[in-house]
Protein chains: 4
Amino acid sequence: MRMSSQKSSEARRVPQRQRGHERVAALVEAASECFVEKGYEATTMTEVAARAGASIGSLYQFFPTKEVLAQALVEQYSQAVYAELGKLAEQSAKWSTEELAQRLCAFLVTFRKRHPAFVILTESAHAPSVDGLTIRRRVRAELQALLARRAPHRSNDEMHAAAVVVQQIMKAAIAIHTEPGMPGRQAAVTQLQHAMQLYLHDVFGG
Amino acid sequence: MRMSSQKSSEARRVPQRQRGHERVAALVEAASECFVEKGYEATTMTEVAARAGASIGSLYQFFPTKEVLAQALVEQYSQAVYAELGKLAEQSAKWSTEELAQRLCAFLVTFRKRHPAFVILTESAHAPSVDGLTIRRRVRAELQALLARRAPHRSNDEMHAAAVVVQQIMKAAIAIHTEPGMPGRQAAVTQLQHAMQLYLHDVFGG
Amino acid sequence: MRMSSQKSSEARRVPQRQRGHERVAALVEAASECFVEKGYEATTMTEVAARAGASIGSLYQFFPTKEVLAQALVEQYSQAVYAELGKLAEQSAKWSTEELAQRLCAFLVTFRKRHPAFVILTESAHAPSVDGLTIRRRVRAELQALLARRAPHRSNDEMHAAAVVVQQIMKAAIAIHTEPGMPGRQAAVTQLQHAMQLYLHDVFGG
Amino acid sequence: MRMSSQKSSEARRVPQRQRGHERVAALVEAASECFVEKGYEATTMTEVAARAGASIGSLYQFFPTKEVLAQALVEQYSQAVYAELGKLAEQSAKWSTEELAQRLCAFLVTFRKRHPAFVILTESAHAPSVDGLTIRRRVRAELQALLARRAPHRSNDEMHAAAVVVQQIMKAAIAIHTEPGMPGRQAAVTQLQHAMQLYLHDVFGG
DNA sequence: GATGAATGAGCATTCATTCAT
DNA sequence: GATGAATGAATGCTCATTCAT
């Protein structure tokens, strides 16, 4: 007796055997690599399968569409961001503004190192219907909550705007880390942190 | 005897007649629209030609590959950025730090409104071999020069780092302007300007 | 020692247990639905299995190919047609020509309502190698016998030709019943019966 | 200046050069053969192209979809049926009922010999969105008009029903002609004509 | 016997690019 | 120079069938 409706074009099929789980893991890993190296559009399902040591049919067994494949990755990663962001928020209470600025600037950079496909899939404007927007908003909401604890005297609207700014600076940190062959990269990172710190000071104290 | 007839197979052919210039203009315009609407990869040469009211053969007469077409667009636009950025630098001497911050945040946003394809082609990491990197560096250099006039006591390295930060904040402004359906967008923009101002104050005065 | 264990690789395996019979019944039922809804070619083994609540492997346990599956359906139904046609022939002795015409026109229509896959699989010229021809001939033979009782003075050849005509009119009845949204369908059916009656009169009496 | 909107998935592209017309003709011819031999679903675009001596890209240049290809065939043929049916109607006035019956039975059979794909594409229930229904209705309407001239005393509804019956008998003629290896085919055809004649007599005279 | 993962040839379709007219 | 037909490798995806567990 089945319950899940398998529309073949709806959701991914969930592996039910040991072998299946391993396959899916390899597939996801391979897909991640491909997306990072060549972007969503230029990644071919054939190559993903090949890189995972699977047949094309095997790939489609679990991910009925390239889009679903990308969504699965994003889903996986976005859960991780939320979780790690939550942890950051917890610890943030005991940090100085300077340390907070530093941690925030490092956050996405570090995350991207572990899950490189996340940022690529999320930012890519013309990628799939992977809803980067939804994720960005939720991240924003978490940041807003984090900041609000430190500036209880500010309105929600003020905190939202601040969260937007902080989020953009966090993204900027990635860009600086990512740009190939940038001279004085470390100094630039430090300056960005400094800018973040100045802004946070203003938000918390002003 | 023609002057400067470029025969290197990778360069676009320069139109020799009036009619040709109109053609090229229409082609470039059509390409720009397509790239904006669907991104580099998803844009087809056939559609560009069709939208310009030209035949596919005609398009290839002037732009021997899709990549060259994109590069032509970027070339055109990048000249414009440099020029406008130069003008900004000239005028910047008489502005308060606040006004400078505001102008910098508005700069790319305004530019993008006039030339939407520029940012798309430039940012898209996996698009063509359009060298966004070169452009980014030159823009950075211009910003560095602009900032250096106000902070003569700073070293070149310090100014480079500051230019990187400023550039990133300018890009952030685009992102905020571009995100669909963002609530409190105006407040966020204002906050970003504020962050820029705080940072510039520190750079100039500290 | 099993009796009649069919090992020829093209024959379906006969289920040995209670559970197996239920399975097969569900499978056949599901297949019937699929064939009716989407035709032979468009029906996938995977969907048949899913609709029967079975796994694809289970389906192949009993029906080694898609073709065998279709043949099993046709086999099942064709036995039923022969049987029902036999009953019709028995009763036909006591009917007026008018009533006979009416019954004949209704026969396939009624049968199709109970076993919709039969006609689809049988008529579809390019479907499987289901031998619709054989069935058509046997049905024809039964009709010929039925008619011959009423027209003993006619030769076999004459009766064969008449059976062909009657059979075609019976098929026509299905078409009229099946065409979607036909206006005045009832009147058309009545007219077809009338045509059948006129023809039978001629055959029997002329 | 173009006028026709080329939606690439909408309509077929019309050839504009000599070469193009030849290609299209060859393509259509090849498609017709394939559809006849294997039916709509089993026909592959690759084979159509190959049989026409064209590349697959060339085929898609003119027929953006397999469905459009089929529709083009049907369109072409249906215009021909209407025209020939019109001619038949004109001449029918001077025919005896017997001759009319004979001509009607022969009509589709003859047509099918010249355009074998027509019937296949039109009758195939699960083919494309080729609207066999629309064509069938229009043919029916023509038949109704033809019959109405001979039976002015009949109502429209009566004539419609009669047209349905006549059309079905015409289709039956095809079936009899088409069935492989039928013994006594000629006698059967004659009987079908006879049945048609009996029916027409009744309609016209009764 | 049941299950579901694995396979890969095959299909419709796309698109950058070339070339004859 | 312009036009549009030609090309074919490449892509996303399907599905009948096999097989290890």
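Lettering of chains follows the sequences in order, A, B, ..., and the numbering in each one begins at 1. Values reported hereafter were calculated over all heavy atoms of this structure, with side chains retained and with hydrogens, waters and symmetry mates removed. As the structure is a computational prediction, the values presented were derived from the model and not from experiment.
With salt bridges taken as basic N to acidic carboxylate O contacts below 4.0 Å, one links B:Glu37 and B:Arg51.
Between the P atom of E:dA20 and the CD1 atom of B:Ile56 lies a distance of 18 Å, rounded to the nearest Å. Atom pair B:Leu27:CG and F:dA2:C1' shows a separation of 12 Å (rounding to whole Å applied). To the nearest angstrom, C1' of F:dC15 lies 15 Å from CG of A:Leu59. Taking atom CD of residue B:Glu47 and atom P of nucleotide E:dT14, one finds them 13 Å apart after rounding to whole Å. Atoms NZ (A:Lys66) and P (F:dT11) sit 9 Å apart, rounded to a whole Å. Remark: C1' of F:dA6 and CD of D:Gln16 are 15 Å apart, rounded to the nearest angstrom. The CZ atom of A:Arg12 sits 18 Å away from the C1' atom of F:dC13 (whole-angstrom rounding). Taking atom NZ of B:Lys38 as the reference point, atom P of E:dT14 lies 12 Å away to the nearest angstrom.
Considering only side-chain N and O atoms, A:Arg17 lies nowhere under 4.0 angstrom from the phosphate OP1 or OP2 of E:dT3. A close approach under 4.0 Å does not occur between any side-chain nitrogen or oxygen of B:Gln61 and OP1 or OP2 of F:dG1. In this structure, D:Arg13 does not reach the F:dA6 phosphate: none of its side-chain N or O atoms is under 4.0 Å from OP1 or OP2. A close approach under 4.0 Å does occur between a side-chain nitrogen or oxygen of A:Arg19 and OP1 or OP2 of E:dA6. In this model, the phosphate group of F:dG1 is not approached by any side-chain N or O of B:Arg23 to a distance below 4.0 Å at OP1 or OP2.
When both distances must be under 3.5 Å, the Watson-Crick or G-U wobble mate of F:dC15 is E:dG8. Under the Watson-Crick and G-U wobble criteria, each requiring two contacts below 3.5 Å, nucleotide E:dT3 is paired to F:dA20.
Positionally, the nearest nucleotide of DNA chain E for D:Tyr60 lies more toward the 5' end than for the other of D:Tyr60 and B:Met45. Residue order along DNA chain E, read from the 5' end via each residue's closest nucleotide, puts B:Thr46 first among B:Thr46 and B:Gly57. Nearest-nucleotide positions on DNA chain F place D:Gly53 closer to the 5' end than the other of D:Gly53 and A:Thr44.
Cation-pi geometry between C:Lys66 and C:Tyr60 is not met at under 6.0 angstrom from the ring centre and within 45 degrees of the axis.
From D:Ile120, atom CD1 reaches atom SG of D:Cys34 across 11.5 Å, with rounding to the nearest 0.5 Å.
A donor and an acceptor atom, one from each side chain of D:Ser32 and D:Tyr77, are located under 3.5 Å apart.
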Are D:Glu67 and D:Tyr40 close enough, and set up right, to give a side chain to side chain contact (heavy atoms under 4.5 Å, CB included), and what steps lead you there? CA-CA 9 Å; D:Glu67 200 176 321; D:Tyr40 176 77; 3.8 Å; yes
